[in-house]
Amino acid sequence: MSSTDVRKETEDSGPSGYAAARLRLLSEGAQSGPPRRSALSELTDDWLSGLFTAGAEGMRGVSLVAVGGYGRGELSPRSDLDLLLLHDGSDSGAVAALADRIWYPVWDLGLALDHSVRTPVEARKTAGEDLKVQLGLLDARHLAGDLGLTAGLRTAILADWRNQAPKRLPELQELCAERAERQGELQYLLEPDLKEARGGLRDATALRAVAASWLADAPREGLDDARRRLLDVRDALHLATGRATDRLALQEQDQVAAELGLLDADTLLRQVYEAARVVSYASDVTWREVGRVLRSRAVRPRLRAMLGGGKPVAERSPLAEGVVEMDGEVVLARAARPERDPVLPLRAAAAAAQAGLPLSLHAVRRMAAHARPLPAPWPAEAREQLVTLLGSGAPTIDVWEALEAEGLITRLLPDWERVRCRPQRNAVHIWTVDRHLIETAVRASEFTRRVHRPDLLLVAALLHDIGKGWPGDHSVAGEIIAKDVAARIGFDREDVAVLATLVRHHLLLIDTATRRDLEDPETVRSVAEAVGTQSTLELLHALTEADALATGPAAWSSWRGSLVADLVKRVAAVLAGDDPAEPEAAAPTAEQERLAIEAVATGSPVLSLRAQTEPPTGEEPSGDPEPLGVELLIAVPDQPGVLPAVAGVLAMHRLTVRTAELTALDLPDGVEGSVLLLNWRVAAQYGSLPQAARLRADLVRALDGSLDIAGRLAERDAAYPRRRGVVAPPPRVTVAPAASRLATVIEVRAQDAPGLLFRIGRALEDASVRVRSAHVSTLGANAVDAFYVTGPEGAPLPGDEVASVTRKLEETLRG
């Protein structure tokens, strides 16, 4: 039936004709979505206009206005009719009678009606007192009567809204936040409210209101489609239930999916989640922009007065290479070139998460449009930046969602597409699969001090349920995917094997602890065989707890934790039966030997600083080289204070230590003396590398005591206070039992920061212990350092002295 035929039937038959035409329109399976909503609105417009015209014969100064969802022309099958009878106040009695002639036929048909009768002055006054009324009037649409009266009200309401925006928008934002707290997030709920939950239709309407204020506007890409999809689902829900409901209950999802021609209820939920995610992200970006504009308006008059009327320039503070903070957001530096820097998206994301700041929409879109794909395998920096992002705690979530909104996550990790927005029909789970994986990484970041390889823990957390997008046992499928992903992002063969084991067996500990007899030796033996090594067991224990905590409150308890801990203890005892031989020391290279001999001959430090480069991927060798890493070799005559001196000088020159090894070098026969060799990989925080001559000169001064490193670093920290960002777990200092017969092995796990290695080295020197060798690595944002120390006589430290050293070292790092 065409809309013309519908209108003719309505005009001919009155209310009963409208009811028949409405029923026919809603039962036509061929017409759905926006065309049906538009046709239903037109049909209802014609009917109500007819009621108004019949009842208002001879009346002036009165009009009928559609507001709210009806004003937008978004009538779902069971939507309320939001109507305003507007009048100039000249004949209140006649207006009341007219209202009865309109309202009662609507009620007689059983339609829900939200109605009001007001003059323009009353409407504006009520809108000023009630935000919800004002929002409804922003969508006012003339139906019948005095067009000038309606147009005048619309103009006045929009002017009021724009004039009052600095006051009303924060009120609207608070209203949205309260509703989100009450209803939850649409993109994760198994039985979501399509209208009220965060990311639902109410939020989409709020974004329209913000745009109408002219203060800010939402990201438009995908927003209209997301809103249309949610409206389509609501239409199907109304038809399936015959009720005016916005709650997508479990028992109705299959019927709603069938109404929309979808494969099943999971496909339906995934589409709902995708739409909600678009609306939620648009809301985050829009409200952030509103806050920025309002803050700018509040500060601008004072700044203009201070600057003599000049326009203030936004301060740009460096965060990482190509990444700066500006006006509370992370943006790209002016010199950043995404098309030449494939690591930039991960570097920017890691910097934003570490600083606890949002990534600007413009920066994300620019990177999505221009960044080159990463080579396979990824360069080391890309892997480290991913680990840093995953280890940043709660700020990771918002940054990850910003990348995902512009398609960067699936570009980096193509396998992510199968788990993106995938529902989990399990009462224990409170998140979709993809959000659960990120939540697990957030939880795992709290346990990075418990494990020797926090990078493997964080990546395993990200991948442990990646197989849920495939048929069959998700752990088995996940193992295969994890191997491929881990190799692609640059882990070596041994690490790939560990990650695959963690993903394959991520449920092993909790399932065994809660479902098997731990007194049975075969139970413990089978777990030990599956895990293989102590280090893998350590990682699996932390992953198990992180996974459970990220699942939901029902998945973890102190009882479950104690069972898992008991199992881990028993398995560790079995694995401890192997006593691996200590590795033999590697022979020095020719360059290392040359530096050592020169250091002995000159009695002072000698160093070599070398940057390795290669042509950009996909370009000819003539292209500009891109840095792979910087190797720093230092040979120093053995003396106290070498470690803090070198670490302090590097910190002064803003060099980040990625990996570091300190060993005593055996010199060739005939060469007397003792030399310490430092083999480190470093990177410049900002700008270019310092000259080797300057580093050597400062190192000489640091060793002879004429350079006050601590004072210089303290002055710099005072001049550049740290930003309030991610709250890192506290540092942890432990002793590795039976790790060496020749020395005491002290392990330090802490948040990486400028000067950290200097503070550790100085604390060990102050404790009068000698560092026999050091093995330092930075895994993402985590420093994992092992120091082989002895007493002055060269023997391992006695137990009471070890306890004192570790306690003082931990106090130093916490201070």
Side-chain angles (χ1 to χ4, degrees), residues 179-193 196-200 247-251 253 265-266 268-270 272-274 276-277 280 390-398 400-401 404 416 418-448 450 457-458 460-469 473-475 478 502-503 505-515 540-565 567-568 729:
R179 182 167 32 79
E181 183 69 24
R182 202 168 53 247
Q183 297 290 342
E185 296 200 51
L186 177 55
Q187 61 179 314
Y188 305 122
L189 297 169
L190 276 177
E191 293 188 302
D193 189 307
E196 301 291 337
R198 181 175 182 269
R247 176 79 59 183
L248 189 58
L250 289 172
Q251 66 269 20
Q253 290 175 8
D266 275 4
L268 167 67
L269 276 184
R270 194 170 187 186
V272 169
Y273 293 163
E274 288 171 344
R277 189 163 293 187
S280 293
L390 296 176
S392 298
T396 299
I397 297 171
D398 290 340
W400 190 273
E401 289 179 349
E404 191 169 56
W416 194 259
R418 282 184 173 263
V419 297
R420 190 177 61 83
C421 294
R422 182 170 293 278
Q424 303 203 76
R425 295 187 176 275
N426 185 322
V428 175
H429 278 277
I430 61 175
W431 306 111
T432 52
V433 177
D434 56 342
R435 177 62 182 269
H436 168 68
L437 293 175
I438 297 303
E439 290 284 340
T440 304
V442 169
R443 292 289 189 170
S445 70
E446 302 169 10
F447 305 146
T448 51
R450 285 173 30 179
L457 172 62
L458 293 168
L462 181 71
L463 299 178
H464 76 278
D465 274 349
I466 197 72
K468 284 189 174 179
D473 186 334
H474 76 278
S475 297
L502 293 172
V503 172
H505 296 297
H506 70 272
L507 296 175
L508 177 64
L509 295 183
I510 190 70
D511 285 350
T512 303
T514 56
R515 301 177 187 176
L540 190 60
H541 188 190
L543 176 61
T544 299
E545 187 171 351
D547 181 18
L549 290 171
T551 298
W556 193 251
S557 64
S558 58
W559 171 75
R560 284 173 173 257
S562 65
L563 290 179
V564 171
L567 173 61
V568 169

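With values rounded to the nearest 0.5 angstrom, R198 atom CZ is found 5.0 Å from E185 atom CD. Atoms OG1 and CG, from T514 and L567 in turn, are 10.0 Å apart once rounded to the nearest 0.5 Å. Rounded to the nearest 0.5 angstrom, L563 CG and S557 OG are separated by 8.0 Å. Rounded to the nearest 0.5 angstrom, L269 CG and L250 CG are separated by 8.0 Å. Summarising the geometry, atom OG1 belonging to T432 is positioned 10.0 Å from atom CD1 belonging to I438; distances are rounded to the nearest 0.5 Å. Taken to the nearest 0.5 Å, the CG atom of D547 stands 9.0 Å off from the CD1 atom of I510.
Closest non-hydrogen pair, H506 versus L543, comes out as CB-CD2, 3.9 Å. Shortest non-hydrogen contact noted between P192 and L186 is CB-CD1, 3.0 Å. Closest non-hydrogen pair, A444 versus A546, comes out as N-CB, 3.7 Å. Closest non-hydrogen pair, F447 versus L457, comes out as O-CD2, 4.1 Å. Across all non-hydrogen atoms, the minimal contact from H505 to L540 is O-CD1, 3.4 Å. The two atoms that bring S280 and G199 nearest to each other are OG-CA, 3.3 Å, heavy atoms only.
In this view, H541 satisfies the ring pair (Phe, Tyr, Trp, His ring centres under 6.0 Å) rule with no residue, not counting sequence neighbours.
Residues L508 and T544 are not in side-chain contact: their nearest non-hydrogen atoms beyond the backbone lie 4.5 Å or more apart. Within the 4.5 Å cutoff, no side-chain heavy atoms of W431 are placed close to those of L437. Within the 4.5 Å cutoff, the side chain of Q253 has no heavy atoms near those of the L190 side chain. Under the 4.5 Å side-chain criterion, counting only non-hydrogen atoms from C-beta, I397 is in contact with E439.
Panel note: side chain D465, backbone K468; no donor-acceptor pair is recorded below 3.5 Å. Between the H464 side chain and the L502 main chain, no donor and acceptor come within less than 3.5 Å of each other. A donor-acceptor contact shorter than 3.5 Å is absent between the side chain of E545 and the backbone of V564. Between the side chain of T512 and the backbone N or O of L509, no donor-acceptor pair lies under 3.5 Å. In this structure a side-chain-to-backbone donor-acceptor pair under 3.5 Å is missing from E446 to P729. For the pair Y273 (side chain) and L189 (backbone), a donor-acceptor distance under 3.5 Å is present. In this structure a side-chain-to-backbone donor-acceptor pair under 3.5 Å is missing from Q187 to C421.
Summarising the local packing, CD of Q251 is surrounded by more than 12 heavy atoms from other residues, nucleotides or ligands at distances under 6.0 Å.
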Notebook entry, point to check: Does the pair E401 and R435 meet the rule for a salt bridge (Lys or Arg N to Asp or Glu O under 4.0 Å), with working shown?
Noted result: CA-CA 9 Å; E401 289 179 349; R435 177 62 182 269; 3.6 Å; yes
Checklist line | Worked check of side chain to side chain contact (heavy atoms under 4.5 Å, CB included) between D434 and R422 | finding: CA-CA 7 Å; D434 56 342; R422 182 170 293 278; over 6 Å; no
Note to self: H474 vs L507, test: side chain to side chain contact (heavy atoms under 4.5 Å, CB included). Steps then yes/no.
What the structure shows: CA-CA 11 Å; H474 76 278; L507 296 175; 4.0 Å; yes
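Ion pairing of R420 with E274 is present here, as a side-chain N (NZ or NE/NH1/NH2) and a carboxylate O approach within less than 4.0 Å.
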